[in-house]
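Report on the structure given below.
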Amino acid sequence: MEPSPVLLEVRDLQVEFHTREGSAKAVNGVSYTVAAGETLAVLGESGSGKSVTAQAIMGILDSPPGRITGGEVLFRGQDLLRLKEEQRRRIRGAEMAMIFQDALSSLNPVLTVGAQLGEMFEVHRGMGRKQARAKSVELMDRVRIPAAKDRVNDYPHQFSGGMRQRIMIAMALALEPALIIADEPTTALDVTVQAQVMDLLAELRREFDMGLILITHDLGVVADVADKIAVMYAGRIVETAPVHEIYKRPAHPYTRGLLDSIPRLDQKGHELYAIKGLPPSLLHIPPGCAFHPRCPRARDVCRAEVPPLHAVTEEDGRASGERRSACYFWKETLDG
Ligand code: ADP
Ligand code: MG
């Protein structure tokens, strides 16, 4: 099989926030790629820079106080950071779309969902009201909202949280973008509904051969849908790997800590492990490896030098997929 072409390539992205308390490097040299039909899960605790990276890619960064200070965002080979706002606006929605955590505040409360969906087709596709409404119903069927025909004239608050999230997905899909970024799309939902929404996203990604970036703080929800994972900590990527390898044998102590914090059915009654301590404030990132104050493996070198992303190899020197770890002691970590 031919490898899919790379759709999005983020190279060495840097984003700073200038606030009264000082300047914070929210994104500090992030690089990743997404191919057509591929799902990248971006994982990390709250405040690690996942959303800011996404906002920089989409061109919706809160600026000021945020500022992109370096790097490239290549979409189909073109650097989006060099485009004029008008050109970017054309790409947004049509070529790449975003799904947010909170559908209720992302949807317009005073417009019916049919009016909001229909507007996408009227404004971007030049359809008339009636045709746009028919397309809206089709799309609501697509994301499996029951009785779409009857519900197209309902308002967002008349839907359950899970159904509202489906409407957001429908909005994002409307113009059949090549790339979707879903930022914690299921965080506000209960566990059963979470799984249904994840399954739907995975299915639509396959059907439309889209690239998908799935941002989450919960390693538990992405195991079945992601192809690869990038783990972020304090504005940097600390590990990247194909999804199955990372579950079997993480190569960074932070990833191992996240894995050990997932509740497991077979361990009922055991106390759940949690990584000790808190992520650092970005105004005071620890020197060396930012994770070292919380790391059970930290040694002198970790306190002194920022670890680069090492290629992770097997014992025979074979590269192990596209694995990388920003830990000096990735080998010991792999071996548990
Ligand atoms: P997460 O990984 O939880 O999505 P974010 O990407 O939203 O984290 O934020 C990363 C960091 O960027 C935050 O911890 C904060 O320091 C900074 N930041 C984000 N948005 C703003 C803002 N609007 N103003 C100032 N700082 C911000
Ligand atoms: Mg976020």
Side-chain angles (χ1 to χ4, degrees), residues 8 10 12-32 34 39-71 73 80-81 96-106 165 168-169 172 179-189 194 197-198 201 212-222 226 228-240 246 252 254-255 257-259 261 274-275 277-286 290-291 293-294 326:
L8 178 79
V10 178
D12 199 23
L13 187 68
Q14 320 260 348
V15 182
E16 286 180 19
F17 281 93
H18 294 282
T19 63
R20 242 182 307 170
E21 291 79 45
S23 99
K25 269 202 169 290
V27 180
N28 195 353
V30 164
S31 302
Y32 54 59
V34 186
T39 301
L40 164 73
V42 179
L43 188 82
E45 284 164 295
S46 177
S48 53
K50 307 181 299 293
S51 295
V52 170
T53 305
Q55 289 155 11
I57 294 169
M58 283 295 292
I60 57 169
L61 183 70
D62 204 2
S63 176
R67 201 160 73 86
I68 297 173
T69 53
V73 175
L80 299 183
L81 302 184
M96 50 170 75
M98 198 152 167
I99 299 167
F100 300 93
Q101 172 180 338
D102 185 2
L104 202 51
S105 63
S106 306
Q165 209 57 354
M168 280 257 280
I169 293 172
L179 178 76
I180 285 192
I181 303 180
D183 191 353
E184 312 260 6
T186 65
T187 300
L189 307 175
Q194 266 185 8
V197 171
M198 277 296 166
L201 268 176
L212 177 62
I213 298 177
L214 205 52
I215 297 171
T216 177
H217 65 276
D218 184 353
L219 194 43
V221 303
V222 294
K228 59 185 189 184
I229 292 201
V231 181
M232 285 189 71
Y233 191 79
R236 295 178 192 270
I237 288 181
V238 295
E239 177 165 10
T240 59
I246 222 167
H252 195 286
Y254 178 58
T255 315
L258 290 176
L259 277 169
S261 331
I275 304 170
L278 291 170
S281 151
L282 295 182
L283 296 171
H284 308 284
I285 296 180
F291 186 58
R294 306 171 73 189

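Because only heavy atoms are used, hydrogens play no part in the values below, and waters and symmetry mates are left out as well, while side chains stay in. The residues of the chain are indexed from 1 along the displayed sequence. Start at 1 and go down the list; that is how both ligands and their atoms are numbered. A quick note: this is a predicted structure, and the numbers were derived from the prediction, not measured.
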Check: S51/D183 side-chain N/O donor and acceptor closer than 3.5 Å: yes
Q101 backbone acceptor or donor facing T187 side chain under 3.5 Å: no
Residue pair P185 / Q165: nearest heavy atoms and the distance that separates them: O-NE2, 2.6 Å
Backbone N/O of H217 and side chain of K50: donor-acceptor pair under 3.5 Å: no
Test item: R67 side-chain N/O and E16 main-chain N/O as donor-acceptor pair under 3.5 Å: no
G49 touching ligand 1 at heavy-atom level, < 4.0 angstrom: yes
Contact flag S51/the Mg ion (ligand 2), N/O/S atoms, threshold under 2.8 Å: yes
Proximal atoms of ligand 1 relative to S48 (non-hydrogen, under 4.0 Å): 1 (P), 2 (O), 8 (O)
The single option from R294, E45, H252, E239 passing side-chain hydrogen bond (donor to acceptor under 3.5 Å, both in side chains) against Y233: R294
Atom 15 (C) of ligand 1 [closest protein heavy-atom partner, distance rounded to 0.1 Å]: L282 CD1, 4.4 Å
Interfacing atoms of ligand 1 (cut-off 4.0 Å, heavy-atom, D62): 23 (N)
Nearest-option assignment for atom 6 (O) of ligand 1, heavy atoms, candidates V52, T19, L43, V42: V52
Sub-4.0 Å atoms of ligand 1 with respect to non-hydrogen atoms of A26: 11 (C), 12 (O)
Heavy atom of A24, distance to ligand 1 below 4.0 Å: no
Heavy-atom nearest neighbour in the protein, as seen from atom 3 (O) of ligand 1, with distance rounded to 0.1 Å: G47 N, 2.7 Å
Atoms in ligand 1 with a heavy atom of S46 nearer than 4.0 Å: 3 (O)
Heavy-atom closest pair, residues A97 and A172: CB-O, 3.5 Å
Close N or O approach (S51, ligand 1; < 3.5 Å): yes
